[in-house]
Amino acid sequence: MKQKLTERQKTILTCVLNEKDASLWIAAIQAGNLSFEQIEEACDLLSGAFHMNGIDENFEPNDYGKEIEALIDVVNRPRLK
């Protein structure tokens, strides 16, 4: 299933994946070519970023956290079908 990513989502993925081949991940996500294991890995990395920078002092999602939550939904969508 093809997924459309916004430029902001691509930027977040590039920062979170912290890899020179983030563009390959982005292309695979958009083409719907990630295996379930790759989806799990990407979601784990995004969840880590959420826990480190995506919540405020009251443990509520901040704006960045909400962006990550939306991105996790996009990345994980093929597993839910």
_For K66 and E69: C-alpha separation, side-chain torsions, deciding distance, then whether salt bridge (charged side-chain N to carboxylate O under 4.0 Å, His left out) applies._
CA-CA 5 Å; K66 290 175 185 174; E69 285 178 330; over 6 Å; no
Margin query: Run T14 and W25 through side chain to side chain contact (heavy atoms under 4.5 Å, CB included) and show every step you take.
Written below: CA-CA 9 Å; T14 300; W25 278 87; over 6 Å; no
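In this structure, OG on S23 lies 10.5 Å from CG on L17, to the nearest 0.5 angstrom. For the atom pair CD (Q9) and CG (L71), the distance works out to 5.0 Å, reported to the nearest 0.5 Å. The CD atom of Q3 lies 13.5 Å from the CD1 atom of I26; values are rounded to the nearest 0.5 Å. Here the SG-CD1 distance, from C43 to I72, works out to 6.0 Å after rounding to the nearest 0.5 Å. Between atom CG of residue L46 and atom CD of residue E41 there is a gap of 10.5 Å, rounded to the nearest 0.5 Å. Here the OG atom belonging to S35 is positioned 10.5 Å from the CD atom belonging to E40, to the nearest 0.5 angstrom.
Counting only distance, with no hydrogens or angles, the side chain of N62 and the backbone of N53 share a donor-acceptor pair below 3.5 Å. The closest donor-acceptor contact from the side chain of D56 to the backbone of F59 lies under 3.5 Å.
For the pair K2/Q30, no side-chain contact is recorded, criterion being any heavy-atom separation below 4.5 Å from C-beta on. With contacts defined as side-chain heavy-atom distances shorter than 4.5 Å, the pair P78/L34 does not qualify.
Taking hydrophobic clusters as Ile, Leu, Val, Met, Phe, Trp and Tyr residues chained together by side-chain heavy-atom distances below 4.5 Å, I29 shares a cluster with F36. Taken together through direct or relayed side-chain contacts under 4.5 Å among Ile, Leu, Val, Met, Phe, Trp and Tyr, M52 and I68 form parts of separate hydrophobic clusters.
Summarising the geometry of F50 relative to P61, their closest heavy-atom pair is CE1-CB, 4.1 Å, with the distance given to 0.1 Å. Smallest separation of non-hydrogen atoms from V74 and K4: CG1-O, 4.3 Å.
Open room surrounds CG on D63; 12 or fewer heavy atoms of other groups in view lie less than 6.0 Å from it.
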